[in-house]
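Throughout, protein chains are lettered first and strands after them, A, B, ... in sequence-line order, and every chain is numbered starting at 1. A quick note: this is a predicted structure, and the numbers were derived from the prediction, not measured.
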Amino acid sequence: MELIATTTVGAGGALSIDFTSIPQSYTDLTLVVAARHTSSNSDFGILQINGTTTNYSFRYLIGDGSSTGSNTSSNIGLTNSIWIGNILGTSSTSNTFSNFRLYLPNYAGSANKIVSIESVNENNTTTAHQFFNAGLWSNTAAITSLSIKTYNDWTFAQYSTASLYGILKGSGGATVS
Amino acid sequence: MAFTKIVVNCETGVTEEIELTAEEIAELEAAQAQAEVDRVAREAEAEALAALKASAKAKLVAGEPLTEEEASTLIV
Amino acid sequence: MPVGVPAWTPLANYTVSGSSTTTVTFSSISGIYRDLVLVVAGSNSSTTYLGLRLNSDTGFNYYYNWVSGNGSSASSNQNSTNGIYFLSNAQIGTTQGLYKFELFDYADSNKHKTIFAKADKADAATDSFVYRWNQTSAITSIQAVVLGGNLVAGTTLCLYGVSA
């Protein structure tokens, strides 16, 4: 695993965190995010690939400390992006951030693109979450850009971070029968 | 159609493709049957537990007494 | 971490070709890393169970608990079985799925082996299993197997070593 790029949101905040011109030389990608937004409203984060707003689907499992649930993108009416999990805002315990890990296998290949998401946050209240999501971008194009933002376009708070890593499988070696 | 197994030697990098024997095929079929038994049993247990929890919750809301089995599903 | 410093070392990989592969074994695994990660991405000719056998062990030495979300309900359970299988909703099938296995302290002779296995299939479920292989032997081979049909061409299996 090699670090491709990393960014930290400054004092002015950011509406989105984007990774563009992603090199096509790796096998898989993993994106690690720590985020908080500046609204008092609850919101969740979304992922869009190559700037597109179609052909997304997902199926998730969530626990919030008192209940568990599972649902699909079509049931909740979110089809223009992939839900990556809840992002804590200003009504949450101070200095607490939500953490996300996204794994995108074979991102430069010619099959539909899988996005595996794990998300956690804990802020000593009843609105903390663990969230697992199986996402799919039904598009055979190689992934060249990733964009993270909040569903309601809130601003990411200062000190939110995002790091993109490339994973290279190496050569396969000779095959004999 | 003959099924095959692939063996990748991590030390040398050499990969072999070998046809499965009848015994190996039989073992896979037995493992599949066992896995299906396991999955069905676990899902049945999970569904039964979910039903007990739902019943326990409904009774709590209605003020009705719970069975011991229902009470055991509650985590305090 | 400075840009360009690797933390995962690629050990071996295989991309399925043809239509006959049911098993991929990674053998002669070096014990110099702390953990292993096996990433399987792709599909199978039919819906079945994808799993791992460690060191050719097919005994009932694998103990697990799982959580699963299939899009309508969340469930959880535990038991033991004869391999590291996804015995729930996210079975490998004819559409794309990701199956990721993290094998912690795989070469530590003082420990039973913990495996965190996650399956993500957007049209089926997200499943999370934790397995304990009740052996202290170092893991030197990992057999990935589908219990029916065959792995579809283009499916990739990539093994990485993670250093402490």
Side-chain angles (χ1 to χ4, degrees), chain B residues 1-61 68-76, chain C residues 10-30 36 45-46 48-51 53 58 60 64-68 70 73-83 85-89 91 140-151 157-159 161:
Chain B
M1 177 180 66
F3 286 119
T4 60
K5 61 183 179 184
I6 303 294
V7 181
V8 182
N9 188 308
C10 298
E11 196 171 3
T12 63
V14 172
T15 301
E16 294 178 87
E17 183 170 9
I18 305 165
E19 200 169 301
L20 292 180
T21 64
E23 290 75 21
E24 287 171 324
I25 293 171
E27 191 276 322
L28 287 180
E29 290 171 349
Q32 181 183 31
Q34 181 63 53
E36 184 66 11
V37 166
D38 289 346
R39 183 187 67 82
V40 169
R42 298 295 82 74
E43 287 191 351
E45 287 172 8
E47 284 173 14
L49 179 61
L52 269 179
K53 284 186 172 181
S55 173
K57 182 179 177 181
K59 286 185 176 178
L60 277 175
V61 170
E68 187 169 342
E69 211 178 13
E70 289 166 336
S72 297
T73 68
L74 302 178
I75 299 172
V76 179
Chain C
L11 299 184
N13 69 85
Y14 184 75
T15 300
V16 176
S17 62
S19 57
S20 63
T21 303
T22 64
T23 306
V24 178
T25 299
F26 294 98
S27 65
S28 301
I29 299 172
S30 166
L36 296 174
S45 62
S46 61
T48 188
Y49 302 95
L50 167 72
R53 283 98 170 259
T58 57
F60 278 76
Y64 65 88
N65 72 74
W66 54 258
V67 292
S68 173
N70 65 2
S73 64
S75 54
S76 179
N77 213 318
Q78 54 83 31
N79 213 296
S80 64
T81 187
N82 56 356
Y85 297 111
F86 290 105
L87 294 174
S88 185
N89 298 299
Q91 297 169 56
T140 57
S141 78
I142 298 172
Q143 180 191 57
V145 60
V146 287
L147 300 184
N150 58 267
L151 292 167
L157 300 94
C158 302
L159 182 66

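To the nearest 0.5 Å, atom SG of residue B/Cys10 and atom CD1 of residue C/Ile142 are 8.0 Å apart. We find the CG-CG distance between B/Asp38 and C/Leu87 to be 5.5 Å, quoted to the nearest 0.5 Å. Between C/Thr22 atom OG1 and B/Ile25 atom CD1 the span is 8.0 Å, to the nearest 0.5 Å. In this structure, CG on C/Asn150 lies 8.5 Å from OG1 on B/Thr4, to the nearest 0.5 angstrom. The distance from atom OG1 of C/Thr23 to atom CG of B/Leu20, rounded to the nearest 0.5 Å, is 5.5 Å. Note that CD of B/Gln34 is 10.5 Å distant from OH of C/Tyr49, once rounded to the nearest 0.5 Å.
If you measure heavy-atom distances from C/Leu159 to chain B, the contacts under 4.5 Å come from the side chain alone. Looking at C/Thr21, both its backbone and its side chain come within 4.5 Å of chain B, counting heavy atoms on both sides. If you measure heavy-atom distances from C/Gln143 to chain B, you find no contacts under 4.5 Å at all. The parts of B/Glu36 that come within reach of chain C are both its backbone and its side chain, each placing non-hydrogen atoms under 4.5 angstrom from that chain. Interface remark: C/Thr58 contributes side-chain atoms only to the contact with chain B (heavy atom separation under 4.5 Å).
Top candidate by heavy-atom pairs under 4.5 Å with chain B, chosen from C/Ser28, C/Gly18, C/Ser73, is C/Ser28. Interface summary for chain B: among C/Ile29, C/Asn79, C/Leu11, the most heavy-atom pairs under 4.5 angstrom belong to C/Asn79. Contact tally against chain B (heavy-atom pairs below 4.5 Å) for C/Ser75, C/Ser88, C/Ser80: the top residue is C/Ser88. Most heavy-atom pairs under 4.5 Å with chain B: of the set C/Val145, C/Leu157, C/Asn77, this distinction falls to C/Asn77.
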Report task. List the steps, then state whether side chain to side chain donor-acceptor pair (under 3.5 Å) holds for C/Tyr85 with B/Arg39. Result -> CA-CA 10 Å; C/Tyr85 297 111; B/Arg39 183 187 67 82; over 6 Å; no

Query raised in the report: Stepwise, does the side-chain contact (heavy atoms from CB on, under 4.5 Å) test hold for B/Lys5 with C/Val24?
Result: CA-CA 6 Å; B/Lys5 61 183 179 184; C/Val24 178; over 6 Å; no

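Looking only at side-chain heavy atoms (C-beta outward), B/Glu17 and C/Ser20 come within less than 4.5 Å of each other.
For C/Arg53 against B/Leu28, the heavy-atom pair with the smallest separation is NH2-CD2, 4.2 Å.
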